[in-house]
Every structure is written in C-alpha cells, then in structure tokens.
Number of protein chains: 2
Amino acid sequence: MGVTIHDVAERAGVNSSTVSRVINGKASITPDTKERVYAAMRELDYHPNSLARSLASGLSGVIGVVVDARDAEAFSNVFFSRSLFAIEKVAQSEGYQVIIANGAQSRGMTVENLMKEHKVDGLILPPTTVKPSMMETIGDFPYVVLGTPDTLRGDTCWVDNNNEQGAEIAVKHLQQKGYTRIAYIGGYQKRGFTKRRVRGYLNAVNGPETVLATDGTTDDALRAALEVLREQDRPDAFVCNDNLAAFGLLKACRELNISVPGQVGIVTFDNYPLAEYMDPPLTIVDIDTAMLGEQAARLLFQRIENRSGSQQIMLSTSLIIRASTDRN
Amino acid sequence: MGVTIHDVAERAGVNSSTVSRVINGKASITPDTKERVYAAMRELDYHPNSLARSLASGLSGVIGVVVDARDAEAFSNVFFSRSLFAIEKVAQSEGYQVIIANGAQSRGMTVENLMKEHKVDGLILPPTTVKPSMMETIGDFPYVVLGTPDTLRGDTCWVDNNNEQGAEIAVKHLQQKGYTRIAYIGGYQKRGFTKRRVRGYLNAVNGPETVLATDGTTDDALRAALEVLREQDRPDAFVCNDNLAAFGLLKACRELNISVPGQVGIVTFDNYPLAEYMDPPLTIVDIDTAMLGEQAARLLFQRIENRSGSQQIMLSTSLIIRASTDRN
DNA sequence: ATAAATCATGCAAGCGGTTGCACGATATCA
DNA sequence: TGATATCGTGCAACCGCTTGCATGATTTAT
C-alpha cells in the first residue's frame, strides 16, 4: 500500500531510525547518507504517515477552534471566518493543522474529547466556554480564549479587542461633532462584549443616557429605533452594537425621513466590508478580527511550546470616519 | 500519564482486546464482561487515544475542507462559513472531525499532503483545484467538489447550485415585471459560476444583451454601472453577479437619482442576510449554501464508505421576491 | 451421549513512526 | 601515540489500539 519509512531505509541502505533522523533533522548525519536518504524518499514518493508520527511523538500537530452554535448561525460569522483564516495561516506556518468544532450540542464533551482523545495539542475557545467546570477539565492544557471571558481568572489566557475603549472613542467622536443626545442601541446587554461596550458608552457619555436593548436582530433594532426616534427629545446620535443594529437604525431613519448625518449621527462596531457602501457610508469602530485571530494563534503556540505563564492581550481599536458622522 | 486501554483491561480483569471489542461493539461479549469494562472505563475516566486508534485502523476520522485564498479573503466567505458549518454538522453526526486547509500558497502540496500523510479520509475541494494534474495525484481518493469544476469529467463528484437556471429565472422574472432592457453586471466572466450565470442570462434574455464585466469589487461595479446608466438607451433592469455588484449598482442609482424599482429593476445572486434590509430590499436568487455544504458532506461520506460510482448533484435555485423588482 | 458448531476471550503481531542506549569509527588532546 | 571525547548509525523497545488466529467453554445437532 503506502511507502513506509522502512522502504526508504532499505532503498537508501540505512536503518529506519536514520531516515527518521534525516527527516526530523535532530541529529548529525553524514551529508552523503543524507543525500541517499533524500534520493530514496524522492524516488519512492515517500510521505511520512502523520498518524504514526503523532502516536510516537505524542503530538497531534493539530489545534482546535471551538465555535458557539450561536455565533455559527448568527450573522457575525464574518467575524468568525476572518479570525479563522488568520488562525489557519499562523498554524500553517507552524506546521499545524486546524480543526473546527462546533461546541453546540454538548459543549463540554466536545472540548473534553478533543483534549483527552489526543486529537489536538491546543484549543482556541469562545468566551462562553469559560466556566469553572470547564476550566477544571481543561486543567493546564494549552488554550486561548478569543474574546474576554465573563468570569475572569488571572490564569486565563485571552485575546480581545478593547470594547470599552472602542465605545468611548465612538462617543467622544460624536461629541466632538457636536452631537449631544447620544444613545446606544443593540444586543443582549448583560453579557460579553456588549456589556463592555455599554460600559464604555456610559463612561464617556455626559448627556442623557439611553441604552436600547434588542434581541440582536435587525428587525428588533428597527422597532427600537422607531420607538425612540418618535419621542420628543429623541437622540441625535447612536452608537450601534453591530451592523445588524446599524441596519435597523438606518432603516428607521429612512422611514421617518430623518437625515443622516444631518439630524442623526451614527457610529457602529465591526468592520463589516459593506459598511463603506451604505447610504451614507458608516463611521465604524474598526475591529481587526484577522489580527485577533493571529494573536490568539501565536499565543497558543507559545503556550504549547512552553506551558509558560498566562497572558492577556487587549488590542485597542480605532475609528474609521465616514459620512454617517460627517456634519458641520 | 494518560489512562490506556491496558489500564482499563487490568481493572476489569480482562484482556485489552476485549476492551477494544467492547468499545467498538464488533464482537459478542458477555453482558457481565461488558458491564465490568464499562465500569472500569468510567472509574478511570478513560478516553481512547484517537491517534493510536487511527494508526491501527488506518482511518484518521477526519475530512479536510480546502479553501481558495481568493475565496478566503473575499467577501464571499459568508458563503464559505455557512457551507463549512453545514459540513461540520454532518461530519459530527458521522463521528468525524473537520480540518480546514487554505490551499493558497501551494495548492497542490496541500491536497497531496493531506492525502498522503493520512491526515484525512476524504476531501471537499473548491472547483479551482480540479485540474488534470491534480486529478492524477488524487486518484481514487474520496473527494467531492463544492461547485462545478470548469473542466468537467464524468467521474468527478460535485455538488453545486444551478447557476444557469438561477440566472434564467431572474431574467424571466424581470421580463414578467415588464422590464425589457436587461443587463448583467459583475464578476470575472470567463470562469466558474459567473460564466454559467452569464450563460443563463444570455439564454433567457430576448432584448438587447449587455454584459458588464468587473474586477469583482463594489467599486468597479459602481464605475461600470455609472457608465452604462449614463448612456442613451440605458438598461432598465440588472441581474447582479453578487452582492458586491448589487451594492455598486445601488450606489450608482442613488448618485444618478434613478429610482429602484421604478426606473431600474434589480435581482442579485447570493442569499446575503442583509439583502432584505437594503433600500430597497433586494429580490434575490436564493442560494442555499448550507444545503450545498450538507449535500457535499453526505456525498463524501458515501464515497468514503464504499468508493462507489461518482455522482453530481445540482440544486435548483429559487427566487425570493422583494421590493427591488416590485413595480406596477 | 458424542461430534460439530458457536461463543467469549486471550495472545501476539502488527500499524509506522520516534528515541534512548550502545558501539565502532574518527577526531581531539596532552 | 595512547587516552578520551565526539560523531554517525544501528538496535530494539515503545506509543496505544486493532485484529486474525487459537483455545477452552458452551450450545446445538444427530
């Protein structure tokens, strides 16, 4: 069937262990021998069996990226796919493979099996998996959380963008543009990044505080926006939790014939490719999801190599200013 | 370190082969023995080492999904991530893992290594990989192409939606709505699905034939649209190759103060979540990417199990009618 | 009741690599 | 020049599980 290391060894007139050493470059080998081995490998079209190699070495050469069903289905998978590709890129450069696992149905089991069945050497996890019970089964297995876990622990390794700071610069930009009644719209606000964005908003705002929770859909954002925009003292600017909220808001403005940015200014989160082509083009808090993925992967490999101390990386965000806040 | 099958065997007072048989359910075992083995497994928190299992059984329990760098970076990764999750779902139900591989830099090598190093038991490939040279190295290894390969061969297995038919129903719908000068906009038109969509357009159209090629970006679609819309006998309807084209077109209409659907009707491809929230909401040719992924995965597993004859699956598309074609 | 078939389980040889130890051949040093 | 360190390679055990063959026990057939 397949060509094995022994076939190569025989052809090169050496022992299989020598071939192994040539492949892995872990010992000194005579140039001559090395050449013969390479020649034999080439002639036989030899490809080492990664399964055997993994078994012997104890390393699978694979890292796992766990995803939440919620994220998977949600629109935010633009976020996900960008990070994923960045992760894959780093992994590839390290000679690793990436497997994805939908933690949906049985989150605990997924992670546990991946680890304990030696399928992966490390994991990138969504913040929602970080719970005491989970942490216990993970133990000192190398992992990095992509996002900020709600329940913080000093020894948890994570990478996230600074949502709080992002909301703050959004608000400050609006204030600077002369908007005074700034509202926040979108998202389940008790959890995760939304909570932090709202906190940033509250820190920075000094006019009236208006926080409009939605169920995360565009439709619900539309409903909420219509409601608040019909009020007497309606907001003259919004920070949107994500594109879905921004879209609902934009639609509400159209329906009510409210001009953007004239009567209402808008800043939204997420670097959504089409934000630039909206009408008007949207000012955004730029989230570099690819960078997030890259950093997470790098951190993970660092931990795989030497299970060194934990680390948290917080990427600060910046504003991309477009027409939706361009008044004066 | 880890608990092995021997530990379990010892604790249950049986031979490790018996434990193996209990786990794999491949032989008759006394209920009593079985119970003892299960108990031992539970007590020791035993997880079989999947690496060892794979090595012994010759099956990795993993399938690979190869992606094009182009696709990866492009906006169309919404397409990709939906398919991917559908694939993952099917794989999970079959007890398989999914690895993703970016074929970008060295497409040939990626696929070849995945196969020959026994990393995967089957592959899902993008149509661009299907070239004679590639096919030769793949041999009878189980694979399914997600999309229609440009160079067709009878024994190639693929799953795709019917792009030609999709374009036809788009054109017919526009005709029915009374549009007569229908144009096609977007995409590199010599290759892949765009070629087929254009063909469908040409089949169905009976007024003047206008096909506007773009480099695939929104900006270039905007440019092309502006140009053609300024002409004397400008089109009164467009079939768009994708959302990026649709966006550029929409922007051009706004700039020129052309009303949609009054003066220009628009149908676009891709089921892009926000198409519904555009201004106006866009009529689309619905591409069920999740279904595409699901079918591809099912077909692949079928081929992995019995390397049976090849099969092509063509999913027909349907129209979701919204305001962008709603005149009369 | 005896021969034949079936069943439950053990034994041991793989699967295809990696790696610690050993050993002869060179190279280095005093 | 002899003693010692270093180098290049082979031997064989091992990674943890699967599976064909063998064997004794139990059931079925005659």
Report the residue (B/S28 or A/R21) whose heavy-atom-nearest nucleotide on DNA chain C is the more 5′ of the two.
-> B/S28
Nearest of [options] to any side-chain atom of [X]?
X     : options                : result
A/S16 : D/dT18, C/dC7, C/dT18  : C/dT18
B/S57 : C/dG16, D/dC17, D/dT18 : D/dT18
B/N15 : C/dG16, C/dG10, C/dG17 : C/dG10
A/A52 : D/dC17, C/dT18, C/dG17 : C/dG17
B/T18 : C/dC7, C/dG10, D/dT18  : C/dG10
A/K26 : C/dG17, D/dT18, C/dT19 : C/dT19

Rounded (10°) bend between the five-pair end axes of the helix from C/dA1-D/dT30 to C/dA30-D/dT1 = 30°
Considering only heavy atoms and no angle criterion, is a donor-acceptor pair shorter than 3.5 Å present between the side chain of A/S17 and the base of D/dC11?
-> yes
Please work out which residues in residues 29-50 of chain B have a non-hydrogen atom less than 4.0 Å from an atom of DNA chain D and list them by number.
-> B/Y46, B/P48, B/N49
Lys/Arg-Asp/Glu bridge criterion (N-O < 4.0 Å) met for B/R11, B/E43 = yes
Per side-chain contact (heavy atoms from CB on, under 4.5 Å), A/S20 is matched among A/V8, A/V37, A/I5 by A/I5
For the atom pair CD1 (A/I63) and CG (A/L300), what is the distance rounded to the nearest 0.5 Å?
-> 5.0 Å
Check every strand shown and say whether A/S20 touches a base, only sugar-phosphate, or nothing at a heavy-atom separation below 4.0 Å.
-> base
